[in-house]
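Hydrogens, waters and symmetry mates are skipped; everything else that's a heavy atom, side chains included, is used. Numbers restart at 1 for each chain; the letters A, B, ... are given by sequence-line order, proteins then strands. On a predicted model such as this, the values are computed, not experimentally measured, just so you know.
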Number of protein chains: 2
Amino acid sequence: MKGPMASTGLKRQTMSAALTDELRERILNLDIPEGEQLRQDTLAAEFGVSRIPVREALLQLEGEGLVTLSAHKGYTVTALSLDEIRELFDLRALIEVDLLQRAIPRLETHHIERAREILATFDEMLSRGSQERDWGQLNWELHAVLYEPAERPRALSIVRNLHRNADRYLRLQLKLTQRTNERAREEHNRLVNLCADRDVIEASRLLNEHVLAARDDLLAFLAERRGSGENTHEE
Amino acid sequence: MKGPMASTGLKRQTMSAALTDELRERILNLDIPEGEQLRQDTLAAEFGVSRIPVREALLQLEGEGLVTLSAHKGYTVTALSLDEIRELFDLRALIEVDLLQRAIPRLETHHIERAREILATFDEMLSRGSQERDWGQLNWELHAVLYEPAERPRALSIVRNLHRNADRYLRLQLKLTQRTNERAREEHNRLVNLCADRDVIEASRLLNEHVLAARDDLLAFLAERRGSGENTHEE
DNA sequence: GCGACGTATATTGTATAAAATATATATCGA
DNA sequence: TCGATATATATTTTATACAATATACGTCGC
């Protein structure tokens, strides 16, 4: 469940897969900004591989929605409108609440324990100063462990993708505002406690509010930012 | 909105895209059965292209869930368990009901007209004898036109993919039982009428029942079939 | 005969090279 | 000068060739 062959440094099974992960991380971390053209030979040269695995990585990311292909013109990093970002969160709320309702009756003690471990890691991170790079991953793991007992692999996969697509913008927000982090932390704690109590009704309500509050926070942040020139990285 | 450049025979913008469509159609139509290995050389030779566009088409289909890649071992046509098929329909019900609720208040006359056109095409098809090949496409178009006013592109894309994944099994059922078709036809008519009346409550209820009834019908059919050796294609 | 190892073959994964398409620049005519 | 067409350049798409990996088979030792 952790990172595959972590710390060994052994290279992945295929270049395509490794490139997919690396490119995804760069996009999510905004190292490559929205709308940017992705030149195949440039990437190939940078990674020291041919263009074939680069193309295959980009194709994979296109399936995830992170890049957009225009035939014969190439790939660009997908730029989402505020409406599209809103939709990500609305879908998250819809599907995740359903997952949680199915999962809670089947939650075992070890699920709760794992969730509390993740909460502890969150706190640790918070005290060490913002690590927005890992925040999204940790946030996903917490949600995923609560939904896992539902045994709904397709729904889980869809939700993971929704998280990923929203992650870019959440990281941006985390970089600039600390309040979001604290609020999420508090709601996560309550959510795990409600799950431990098997309180389906209240846990569902809280989860729904949690996701929609994150939505509104983020949209307000982005609306402000986009309205006024959005100057963060200069060139 | 119809088939792109139908009958012209003009090749698509790229080979990869054309191959993706062709392979998808073969898989959905069960020309290539579940679990079958897809050899890249074989496909390349058959279509008269190199393995590169074949690989890219397969990668695309993997993103859609129709094929599964095992590193260094190749692609196989994804085989779904009954539980996974159940999940497809449960997700459809969840997301489509939400879409319909958002769409109905924004439905315009021309949406309804278009829906009735599709219903007429259904009837025409029914009278000409079963054309299970087009059934899934038509079914999707009907649902899509009702959801379109919601302006939720991501949700629509997810639902289209769910339809596609279920389509293989629906076609199988349609080939062997006519009753499903008639039942769907009747429910579709009622659904469009309720939409025309802007009756969100009843339309939502009917849509939910419609999808879940299709689910139960199909699962019963497949359980029967899988239990008893599933002999249809001999070799 | 049985299991472990090594080789041969088939298939996938990647690199390089050629073809097709799009974009930019230049040339021509009015 | 302006617009349109033609040419050149950049980039993507596809083909061919090579390398890496997995599977099948056979050989050897016991």
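- Contact between the side-chain N/O atoms of B:R55 and the OP1/OP2 oxygens of C:dG13 is found at a separation under 4.0 Å.
- Each of A:A71 and B:R39 was assigned the nucleotide of DNA chain C with the nearest heavy atom; the assignment lying further toward the 5' end belongs to B:R39.
- Applying the 4.0 Å criterion to OP1 and OP2 of C:dT14, one finds that A:S16 has a side-chain N or O inside that range.
- Checked by atom type, the side-chain pair B:E141/B:Q137 shows a donor-acceptor distance below 3.5 Å.
- The distance from atom CD of B:E25 to atom CD1 of B:I32, rounded to the nearest 0.5 Å, is 10.5 Å.
- Within the 4.0 Å cut-off from OP1 or OP2 of D:dA20, not a single side-chain nitrogen or oxygen of A:Q13 is found.
- Dashed line: the shortest gap from a side-chain N or O of B:R51 to OP1 or OP2 of D:dT14 is not under 4.0 Å.
- Going from atom CG of A:L58 over to atom P of D:dT13 covers 10 Å, rounded to whole Å.
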Please evaluate residues A:R152 and B:D90 with respect to the criterion salt bridge (Lys or Arg N to Asp or Glu O under 4.0 Å), reporting the C-alpha separation (whole Å), side-chain torsions for both, the decisive distance (0.1 Å), and the verdict.
CA-CA 10 Å; A:R152 293 272 163 163; B:D90 289 342; 2.8 Å; yes
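- In this structure, A:H72 atom NE2 and C:dA19 atom P are separated by 17 Å, rounded to whole Å.
- Separating the CG atom of B:L69 from the P atom of C:dT12 is a distance of 10 Å, rounded to the nearest angstrom.
- Rounded to an integer number of Å, the gap from CD1 of A:I52 to P of D:dA15 is 11 Å.
- Mapped onto DNA chain C by nearest heavy atom, A:S50 and B:Q40 fall at different nucleotides, with B:Q40 at the one closer to the 5' end.
- You'll find that the side chain of A:M15 is closest to C:dT14, out of C:dT12, D:dT14, C:dT14.
- Comparing D:dT12, C:dT14, C:dA22 against the side chain of A:K73 picks out C:dA22 as the nearest.
- The existence of a salt bridge linking A:R114 and A:E117 is confirmed by a sub-4.0 Å separation between a basic side-chain nitrogen and an acidic carboxylate oxygen.
- Between A:R164 and A:D167, none of the side-chain N atoms (NZ, or NE/NH1/NH2) sits under 4.0 Å from a carboxylate O, so this pair counts as no salt bridge.
- As rounded to whole Å, 16 Å separates atom P of C:dA10 from atom CD of B:Q37.
- Distance CG (B:D41) to P (C:dG13): 12 Å, rounded to an integer number of Å.
- Per the geometry, CG belonging to A:L59 stands 15 Å off C1' belonging to C:dG13, to the nearest Å.
- Here A:L38 lies in heavy-atom contact (under 4.0 Å) with sugar-phosphate atoms only.
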